[in-house]
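To start, the structure itself, in structure tokens.
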Protein chains: 2
Amino acid sequence: MVTMNDVAKQAGVSKSTVSNVFSKKRPISKEVSEHVLQVARQLNYKPNYFARSLTTRETRIIGLNMRGEKAKFSQFHLSLINGVLRQCYERGYRLLINTLAEKYANRVEFQSSDPVDGEILLDPIEKDPRIEECLEKNLPMVVIGRTAREYSAKVATVDNDNVEAAALVTEHLVGLGHRHILFLNAAKKRTVSIDREAGFQKIIRATYQDIDQPFIAYKAEEETAIDYGYERTLDMLRHNPAISAVIADTDKVALGVYKAAAELGRVIPDDLSVMAFSDEPVFLSEFSPALSSMKLNSELLGMEAANTLIDQIEADSPSVKRTTIATDLILRASTEKNKR
Amino acid sequence: MVTMNDVAKQAGVSKSTVSNVFSKKRPISKEVSEHVLQVARQLNYKPNYFARSLTTRETRIIGLNMRGEKAKFSQFHLSLINGVLRQCYERGYRLLINTLAEKYANRVEFQSSDPVDGEILLDPIEKDPRIEECLEKNLPMVVIGRTAREYSAKVATVDNDNVEAAALVTEHLVGLGHRHILFLNAAKKRTVSIDREAGFQKIIRATYQDIDQPFIAYKAEEETAIDYGYERTLDMLRHNPAISAVIADTDKVALGVYKAAAELGRVIPDDLSVMAFSDEPVFLSEFSPALSSMKLNSELLGMEAANTLIDQIEADSPSVKRTTIATDLILRASTEKNKR
DNA sequence: CTGTTAGCGCTTTCAA
DNA sequence: TTGAAAGCGCTAACAG
């Protein structure tokens, strides 16, 4: 392996000169600089990332931390990553995807600080141990989603206004005369689930004082999105035929709903209105009929998260910036007046 | 920051004892080990990644290297990443997504060896400079796709048999009586494009000796997949109404083809047969009519690539394993006998 | 503008 | 089974 020393000797200069030719942290005369660079090229020398990071304490890598066993990306995650990556690219950072945290967490050989300058935390629950850990380690972080109130003065977040988004979706359906609405919500512990439920309930309660138990289901972590939509819809509509509208957590869940509706002989939108929280601009229009949805702009979420995090890293001061990314109600053909 | 020294002092042992408690590289008595671990926990100590990697020369990170400016993931990439990630998770590696290579390549401050134990190279062209670089640096690598022949004894690859896949697709269409087939191929320089073209040409040439110039288009790097499918189909079918079938590079391209067909008043599959090289199992069936396709099994590609790479890293010897991932012809409703 | 020196936090001989 | 000492390749403070 070629080291800085080799280059220095070969070029007849000192190590620190070579170092500064590469880091540009202090001025080096053009002649020396070019000579060093030429020798370096000839020896095929590349500075060692670790040796450098060991002293500078910076890596120019940001981490993307997913929770849970599966580490499987959805459409939402995909757009989000594309957003993160775009900003990483612009600002000269790399992205480290960290999935092993959970599995190897208690194996002593794997315990080590992550080689990142900061972390983006995905799919938070209210009291997320990952947040505590970053706080303790004093590691810059941005949470995508909402955190428990006690953290609100301590951590930066980027999120949609999920209470509002769910309220708007519900309002739209209520405005069409739907009274018995099935809400296929995300997994119960997730903050996004809690917020959307609040928005849903707010409208239902305000409109129908006599309903005491709205139809809400929660996704189980292990079940696939499509199965969740399919089975819960089948089950709920069979027991409660009065249900005339479904709000799905994601477009994959909606796909399951479509499948169940077909099986039950319910025509969308005439016999059943369907909406989803979704994003994917391409395939969405391939639903037949086209799926009305609440667009979450996840690519923007990702871009904003990366930007906030990098700002924080470079300003070298913890930020508690809280950004809300707008959602857009996109009405297509899957919702219709309640004819029941 | 808490260091190994702090733990050692606090626990009343030597640095190397602490080191070995964590690395398990030499036996430490149970009592000492537990005591050290307890002190470490109490001080909230985590071994420093860089200091460790500086001496061990391993990072337990593998790199995913994308070519080009945009760094935008498609469906294909998404499944592939999911495959890679699953294996990383199983085998205790992290994934570093490296997009800045290109942009910062000639900026001296960013020149440094990547902090990875090996790299997965995506979307290769025949003589890819990235391959040369890994070879020079002696860095384990796996290329997803085919490489130029001169590398075939030097680098491991994981790929579909794209010549065969394209031949099968073409054969299917030819079997249905299609003679004038438009092939919307990938960007010209990519190996996948070269291979598929060969398979396509092979069948066309063998069947129709009188055709001297089959209809082949190539995607431009900057144009979106949908636009490519849409505009090229519109253009080609207008000038060559005899075209009765289209082979699309990806499902997004096929989406553009569907759009163009609708605009031209061509009913799929009666007036136009369409096929694609694709993968996405969920949305694919939402094409109307359902899209016949050649399934690439990209999640398998990703899993195999990660496995091959990690094997290579752990065996500490360069591998030239070449794996071919099977493709599956999935016939749905978008292809039909040529009625023209 | 350049050189010298002293670490960064860890692993790894070597010795006990 | 443990400790002491010598680096890994680089940056940074100091000196010139």
Side-chain angles (χ1 to χ4, degrees), chain A residues 1-37 39-40 43-61 108-117 137-138, chain B residues 1-37 39-40 43-61 108-117 137-138:
Chain A
M1 174 182 227
V2 191
T3 76
M4 192 169 263
N5 242 326
D6 302 332
V7 177
K9 273 180 194 148
Q10 182 75 238
V13 295
S14 78
K15 248 187 355 173
S16 59
T17 299
V18 177
S19 171
N20 285 296
V21 164
F22 278 92
S23 69
K24 291 193 172 162
K25 292 203 177 170
R26 73 184 190 195
I28 301 284
S29 74
K30 199 156 192 179
E31 295 151 2
V32 175
S33 176
E34 268 167 14
H35 179 226
V36 167
L37 246 22
V39 171
L43 294 179
N44 197 22
Y45 164 77
K46 293 272 166 71
N48 179 307
Y49 209 93
F50 297 102
R52 169 181 285 177
S53 289
L54 184 55
T55 47
T56 60
R57 258 112 233 299
E58 68 160 44
T59 66
R60 293 199 81 87
I61 297 175
V108 137
E109 313 93 285
F110 281 91
Q111 277 190 20
S112 88
S113 57
D114 268 352
V116 297
D117 292 342
K137 286 196 278 189
N138 219 350
Chain B
M1 174 179 228
V2 190
T3 76
M4 191 169 264
N5 241 324
D6 301 331
V7 178
K9 272 181 196 148
Q10 183 74 238
V13 297
S14 77
K15 246 181 4 167
S16 56
T17 299
V18 178
S19 172
N20 285 297
V21 165
F22 278 93
S23 70
K24 292 191 172 164
K25 293 202 176 167
R26 74 183 189 195
I28 301 285
S29 72
K30 201 157 191 179
E31 296 150 2
V32 174
S33 177
E34 269 167 16
H35 179 226
V36 166
L37 244 24
V39 170
L43 293 180
N44 198 19
Y45 165 77
K46 294 273 166 72
N48 179 307
Y49 209 94
F50 294 103
R52 167 181 285 178
S53 289
L54 182 55
T55 46
T56 60
R57 259 109 232 298
E58 69 162 42
T59 66
R60 295 197 82 86
I61 298 176
V108 138
E109 314 94 284
F110 283 89
Q111 276 189 23
S112 88
S113 58
D114 267 352
V116 296
D117 292 341
K137 286 195 278 189
N138 220 351

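Quick caveat, the model's predicted, so the values are computed rather than measured.
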Inset, instruction - Report, as a single string ordered 5' to 3', how protein heavy atoms within less than 4.0 Å touch nucleotides 8-15 of chain D: B base, S sugar-phosphate only, - not at all. - result: BBBBBBB-
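Considering only residues two or more places apart in sequence or on other chains, B:Ser14 meets the side-chain hydrogen bond (donor to acceptor under 3.5 Å, both in side chains) condition with B:Ser16, B:Thr17. Considering only residues two or more places apart in sequence or on other chains, A:Thr59 meets the side-chain contact (heavy atoms from CB on, under 4.5 Å) condition with A:Ser53, A:Ile61, A:Asp117, B:Phe50. Annotation: salt bridge (charged side-chain N to carboxylate O under 4.0 Å, His left out) contacts of A:Lys137 (sequence neighbours excluded): A:Glu133. Legend: residues meeting salt bridge (charged side-chain N to carboxylate O under 4.0 Å, His left out) with B:Lys9, ordered by chain and number and at least two apart, are absent. Considering only residues two or more places apart in sequence or on other chains, A:Ala51 meets the side-chain contact (heavy atoms from CB on, under 4.5 Å) condition with A:Asn48, B:Leu54. Every residue two or more places apart in sequence or in another chain was checked for a side-chain hydrogen bond (donor to acceptor under 3.5 Å, both in side chains) with B:Ser19, and none qualifies. Every residue was checked against the side-chain contact (heavy atoms from CB on, under 4.5 Å) condition with B:Thr55, not counting sequence neighbours, and none meets it. Looking at residues two or more places apart in sequence or on another chain, you find a side-chain hydrogen bond (donor to acceptor under 3.5 Å, both in side chains) between B:Asn44 and A:Glu136.
Residue A:Thr17 places at least one side-chain N or O closer than 4.0 Å to OP1 or OP2 of C:dG3.
The bend of the helix from C:dC1-D:dG16 to C:dA16-D:dT1, defined by the angle between the axes of its first five and last five pairs, stands at 30° to the nearest 10°.
Expressed to the nearest 0.5 Å, how far CZ of A:Arg60 lies from CZ of A:Arg52 amounts to 10.0 Å. Expressed to the nearest 0.5 Å, how far NZ of A:Lys15 lies from CG of A:Asp6 amounts to 11.0 Å.
Within residues 29-36 of chain A, the residues that place at least one heavy atom under 4.0 Å from DNA chain C are, in residue-number order, A:Ser29, A:Val32.
Summarising the geometry, the separation between CD on B:Glu58 and P on C:dC10 is reported as 16 Å, rounded to the nearest angstrom.
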